[in-house]
Amino acid sequence: LLEVRNLSFSWAGKKGLPALKSCSFSITKPGLWMIVGRNGSGKSTLFRLISGMLEPHTGEIFSRLKPALMFQNPDHQLLLPTCASDLLLSIPTSLPNQARQRRIQIVLEQVGLIGMESRPIHTLSGGQKQRLALAGALASDANLLLLDEPTALLDPQSQIKVLDIVKSLCNRKNNPITAIWITHRLQELEHCEGAAIMEKGQVGAWHSGLLLKKFLKPLAGRVV
């Protein structure tokens, strides 16, 4: 589904190691995949390259999937005053109006926000805003979610809700999505198909999330 091959990228004006250096990995099936690593290891840069926001200096990205990038703070990607008006930004304008309205209903139901079409965004909780951002990705027909620490700013109950929704979308029988999730919360590794450590601009091998959690727990301060 996704192959990253020998990807390298350096930020202009920044000295030291490149953000990515000969980074290679692949994902062969839908599911929830997690990447852990210290700040500065290249995780966010990797997501911007996969999403097409940046062009690699060397290397290639092969993907059969349509990506959507979700930020840590949903306020950075929610632009219009109500849930429905914001979702309309993500839906192709070529669709008839009735089909667009139907899609709004479907994606709101998928993220647990049914009935909130006219709800002003500023009245939503942090967890509801993150779920609305997720609904926007689904409305655009994206099937590769790039989630950059999506629970970092949420309370524990909202963290669990967002994680459960993403996991259910990855495991659904029809049209399961693929999600790559950057996290600093080791407990979240228990819920993924596979997890990898990113260090010095490179993604390591995929391992069981539970196994990686046990390995990282005593090293957490040095790795995450």
Side-chain angles (χ1 to χ4, degrees), residues 1-27 30-80 85-94 107 111 121 126 129-154 162 166 169-170 177-184 192 196-204:
L1 296 177
L2 173 70
E3 183 179 4
V4 172
R5 188 183 298 171
N6 296 321
L7 216 59
S8 295
F9 182 87
S10 296
W11 290 99
K14 288 193 175 182
K15 298 180 180 180
L17 294 173
L20 294 182
K21 183 179 181 181
S22 299
C23 178
S24 298
F25 70 92
S26 62
I27 292 177
L32 177 56
W33 305 83
M34 292 190 175
I35 295 176
V36 297
R38 299 179 67 179
N39 291 335
S41 60
K43 305 183 300 299
S44 296
T45 302
L46 174 64
F47 272 12
R48 282 156 177 75
L49 288 163
I50 295 174
S51 70
M53 292 177 65
L54 297 174
E55 290 289 333
H57 294 164
T58 60
E60 297 173 293
I61 300 170
F62 302 93
S63 178
R64 294 168 52 193
L65 306 172
K66 180 180 179 179
L69 179 58
M70 285 182 58
F71 300 109
Q72 184 181 108
N73 188 343
D75 287 332
H76 293 165
Q77 58 193 111
L78 300 176
L79 304 175
L80 293 184
S85 61
D86 196 85
L87 289 175
L88 281 171
L89 291 176
S90 303
I91 301 175
T93 55
S94 58
V107 297
V111 301
I121 287 178
K129 287 180 179 179
Q130 196 62 285
R131 283 187 275 152
L132 182 61
L134 176 58
L138 298 174
S140 72
D141 283 330
N143 51 6
L144 173 61
L145 297 184
L146 305 170
L147 301 122
D148 193 348
E149 295 188 62
T151 59
L153 303 180
L154 305 183
V162 170
V166 172
L169 293 168
C170 292
I177 67 168
T178 302
I180 310 177
W181 178 301
I182 291 173
T183 185
H184 285 283
C192 64
I197 301 172
M198 190 163 190
E199 293 182 288
K200 298 179 180 179
Q202 296 183 327
V203 175

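Everything quoted here is computed from the prediction, not taken from an experiment.
Contacts of Phe9 classified as ring-ring contact (aromatic ring centres under 6.0 Å, His included), with partners at least two apart in sequence or in another chain: Trp11, His57.
The shortest heavy-atom contact between Cys23 and Gly201 is CB-O, 3.4 Å. When all heavy atoms of Gln72 and Gln130 are compared, the pair lying nearest together is O-NE2, 3.3 Å. Nearest heavy atom pair, residue Ile182 against residue Pro150, reads O-CD, 3.9 Å. In this structure, Pro56 and Leu7 approach most closely via the heavy-atom pair CB-CD1, 3.5 Å. Across all their heavy atoms, Ala137 and Ala68 have their closest contact at CB-CB, 3.7 Å. The nearest pair of heavy atoms linking Pro92 to Ala139 is CD-O, 4.4 Å.
Here the side chains of Leu20 and Met198 are in contact, with some heavy-atom distance below 4.5 Å. Using a 4.5 Å cut-off on side-chain heavy atoms (C-beta onward), Gln77 and Leu69 make no contact. The shortest distance between side-chain heavy atoms of Ile180 and Leu144 falls below 4.5 Å. In this structure the side chain of Val203 never reaches within 4.5 angstrom of the side chain of Val4, judged on heavy atoms. At a threshold of 4.5 Å between non-hydrogen side-chain atoms, the residues Leu132 and Leu87 count as touching.
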Quiz item: What's the verdict on side chain to side chain contact (heavy atoms under 4.5 Å, CB included) for Leu147 and Val162, showing C-alpha distance, side-chain angles and the deciding distance?
Solution: CA-CA 11 Å; Leu147 301 122; Val162 170; 5.6 Å; no
Quiz prompt | side chain to side chain contact (heavy atoms under 4.5 Å, CB included) evaluation trace for Thr178 with Arg64 | solution = CA-CA 11 Å; Thr178 302; Arg64 294 168 52 193; over 6 Å; no
Practice problem: Decide side chain to side chain contact (heavy atoms under 4.5 Å, CB included) for Ile35 and Leu46; before the verdict, give the C-alpha distance in whole Å, the side-chain angles of both, and the deciding distance to 0.1 Å. | Solution: CA-CA 11 Å; Ile35 295 176; Leu46 174 64; 4.2 Å; yes
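The side-chain hydrogen bond (donor to acceptor under 3.5 Å, both in side chains) analysis of residues 131-144, with sequence neighbours excluded, yields the pairs Arg103-Asp141.
Remark: Asn73 CG to Leu78 CG distance equals 9.0 Å, nearest 0.5 Å. To the nearest 0.5 Å, atom CG of residue Leu2 and atom CD1 of residue Ile27 are 5.5 Å apart. Ile197 contributes atom CD1, which lies 10.5 Å from atom OG of Ser41 (distance to the nearest 0.5 angstrom). Here NZ of Lys129 is found 11.0 Å from CG of Leu153. Values are rounded to the nearest 0.5 Å. Here Lys200 contributes atom NZ and Lys21 contributes atom NZ; the two are 9.5 Å apart, rounded to the nearest 0.5 Å. Between Ser24 atom OG and Asn6 atom CG the span is 4.0 Å, to the nearest 0.5 Å.
With hydrogens and angles ignored, the 3.5 Å screen pairs no side-chain donor or acceptor of Thr183 with any backbone N or O of Val36.
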